[in-house]
Amino acid sequence: MINLVCYLLLAAGSGYIAVLYESASFSALFLAELGYLLFAYIWILCGTGNISAVLDIPIAMIEAGGTAKVKLRLSQKIPFFTVWVKVAVGCYSTDCASKGKNVVKTGRRTIDVAVHGKKQANTTLYIPLPYAGGYRVFIKRLRVYDPLGILYLPCRVKKKEGKEAFLTVLPKLFGVSVQLGEAARHFYGEGDVYDGEKAGDDPSEVFQIREFLPGDKVQSIHWKLSVRTGELMIREHGMPKGCPVVLLLDKTWRYKNLSMQNACYSILSSIGYSLLEANCFFYLAWRTDRVHRLRVDKEESLYEGLVAVLQSFGKWERQTDNLLLDYRQQYPGENYVAAFILTNELHLCKARQKEPESQQNPPIIASFSPAKLEEQLDVLDILV
């Protein structure tokens, strides 16, 4: 706009001098300046009708504190024609509610690109992302300019052409102390993973074959093998490892700011990783339009669950004010030892299945602050 105002003032000055001094040269200059505006407008119209832009993120998953590499590809269809473009790229969190507080600074406000002929113009933007969460990177503005940069027209970019892309930023992990009680250590449940230290009652899996000892059941004798070896042999069945813990994240409301969002995901991942380190399998559950859950029995499934949580944005709806009750309604009859509920206000609540009162109103066992998160997780003790 400033360039246009200066150009109009310059043209007005040329016209004034042409009238004042009856100068043919200044009159020609004045007409040429007016004619250029028409030429520039036609030039821009040709550019806006043929330009296309695509956002691409080669690595759509990084760790908190990293930098995302965003590529912008611009092309146009007219040969031997140059289009001058200014593009503004924005980035915001899909989990943060407050407008302004969910915006991530992208460094350069605008990117100037010249697209020559049918050649593709590529440019790269680096966005620092210190907080974990799901992010949307999008083209805020795309303006086509004339060769002198005086006039411009906005150009719409259709979504199917790559107007936006999504990023997943994984949280940092901190150590948490986990202590398993007898009920959690000897928890029996359904699953494809079996305990490698003790036998169970699942006939579909063999734990071990050993010699017969006094007190063993006759029904457990492996008769065919006993005939071949000449000694009584016992076949012990496997014990499937269940999930004695349910770890729930209430995503009913969006976070107040990016630091709260980052802290919540760090708490969730740190507790989940520490449970796995203690050889305690668990269900990771979260609520959006319904309750989702994923069985976590190895590190790969933990990261799979975290990615699913970070990417689960959209319209939040809730059935009740109690996430645990919603979970029990969706998965009735399921046994567990303890359920831990992490709220958006960074409160960690605990409920035991054998304590009905704790399921109605799960008591808060810990509260966290983003500024002191590492210290608070270091002294946290999870008792299952």
Side-chain angles (χ1 to χ4, degrees), residues 1-5 7 36-62 66-96 99-131 133-169 258 307 310-311 313-314:
M1 183 60 70
I2 296 177
N3 291 345
L4 178 60
V5 172
Y7 185 85
Y36 177 79
L37 292 178
L38 178 60
F39 166 78
Y41 183 72
I42 296 174
W43 186 289
I44 294 171
L45 283 180
C46 294
T48 53
N50 294 280
I51 194 74
S52 63
V54 176
L55 269 179
D56 180 39
I57 302 177
I59 303 176
M61 186 181 301
I62 62 173
T67 301
K69 183 179 180 180
V70 180
K71 289 186 176 181
L72 179 64
R73 300 195 302 269
L74 295 162
S75 60
Q76 56 99 8
K77 303 174 184 177
I78 305 177
F80 310 108
F81 186 79
T82 300
V83 179
W84 284 268
V85 180
K86 286 189 177 183
V87 186
V89 177
C91 178
Y92 72 87
S93 167
T94 57
D95 289 326
C96 191
K99 292 184 178 180
K101 295 183 179 180
N102 63 344
V103 178
V104 178
K105 294 182 179 179
T106 57
R108 292 182 291 173
R109 287 188 175 182
T110 58
I111 305 171
D112 298 334
V113 185
V115 186
H116 304 287
K118 288 189 175 182
K119 295 181 180 179
Q120 188 178 84
N122 299 315
T123 185
T124 303
L125 180 67
Y126 295 92
I127 303 177
L129 293 168
Y131 302 116
Y135 293 87
R136 175 177 176 255
V137 183
F138 63 102
I139 297 176
K140 291 169 57 178
R141 291 188 308 275
L142 193 153
R143 293 173 175 174
V144 178
Y145 283 77
D146 67 284
L148 297 181
I150 297 172
L151 297 178
Y152 72 85
L153 285 177
C155 181
R156 288 187 177 183
V157 181
K158 298 179 181 179
K159 288 187 177 180
K160 65 179 183 180
E161 295 179 349
K163 180 181 179 180
E164 60 184 13
F166 294 91
L167 268 168
T168 302
V169 182
L258 291 175
V307 171
L310 294 172
Q311 294 179 348
F313 50 86

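The chain is numbered in sequence order, starting from 1. Computed from a prediction, not measured in an experiment: that's the story for all the values here.
Note: I42 CD1 to L37 CG = 11.5 Å, rounded to the nearest 0.5 Å. Within the model, atoms CD1 of I59 and OG1 of T67 stand 11.5 Å from one another, a figure rounded to the nearest 0.5 Å. Here NE2 of H116 is found 7.0 Å from CH2 of W84. Values are rounded to the nearest 0.5 Å.
Listed by chain and residue number, Y36, D146, L151 satisfy the side-chain contact (heavy atoms from CB on, under 4.5 Å) test with A40 (two or more places apart in sequence, or in another chain).
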Legend entry - Test log, rule side chain to side chain contact (heavy atoms under 4.5 Å, CB included), inputs I62 and L129: CA-CA 9 Å; I62 62 173; L129 293 168; 3.9 Å; yes
Inset, instruction - Might you work through the side chain to side chain contact (heavy atoms under 4.5 Å, CB included) test for C46 and F81, ending with a clear yes or no? - result: CA-CA 9 Å; C46 294; F81 186 79; 4.0 Å; yes
Inset, instruction - Go through the steps to decide whether V144 and L153 satisfy the test side chain to side chain contact (heavy atoms under 4.5 Å, CB included), and finish with yes or no. - result: CA-CA 6 Å; V144 178; L153 285 177; 5.5 Å; no
Inset, instruction - Under the side chain to side chain contact (heavy atoms under 4.5 Å, CB included) rule, what do N50 and V83 come out as? Steps first, then yes or no, please. - result: CA-CA 9 Å; N50 294 280; V83 179; over 6 Å; no
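Minimum interatomic distance between A121 and A114 (heavy atoms only, all atoms of both residues): CB-O, 3.9 Å. The two residues A165 and I57 come nearest to each other via the heavy atoms CB-CD1, 3.7 Å. Nearest heavy-atom pair across V137 and C91 is CG2-SG, 4.0 Å. Here the closest non-hydrogen pair linking V115 and S75 is CG1-CA, 4.0 Å.
Seen from the ring of F138, K163 does not count as a face-on cation partner, given the 6.0 Å and 45° thresholds.
Looking only at side-chain heavy atoms (C-beta outward), V70 and L55 come within less than 4.5 Å of each other. Put simply, the side chain of Q311 does not reach to within 4.5 Å of the side chain of F166, judged on heavy atoms. Contact check for D56 versus R73: side-chain heavy atoms found under the 4.5 Å cut-off. A 4.5 Å side-chain heavy-atom check between K71 and N122 finds every atom pair outside the cut-off. Under the 4.5 Å side-chain criterion, counting only non-hydrogen atoms from C-beta, T124 is in contact with K69. Counting only heavy atoms from C-beta outward, the side chains of L142 and V85 approach each other to under 4.5 Å. Two residues are said to be in side-chain contact when any heavy atoms from C-beta on lie closer than 4.5 Å; I150 and Y145 fail this criterion. Looking at Y135 and L258, their side chains come closer than 4.5 Å, going by heavy atoms from C-beta outward.
Under a 3.5 Å cut-off, the side chain of W43 and the backbone N or O of T82 do form a donor-acceptor pair. Within the 3.5 Å criterion, the main-chain N or O of G117 finds a donor-acceptor partner in the side chain of Q76.
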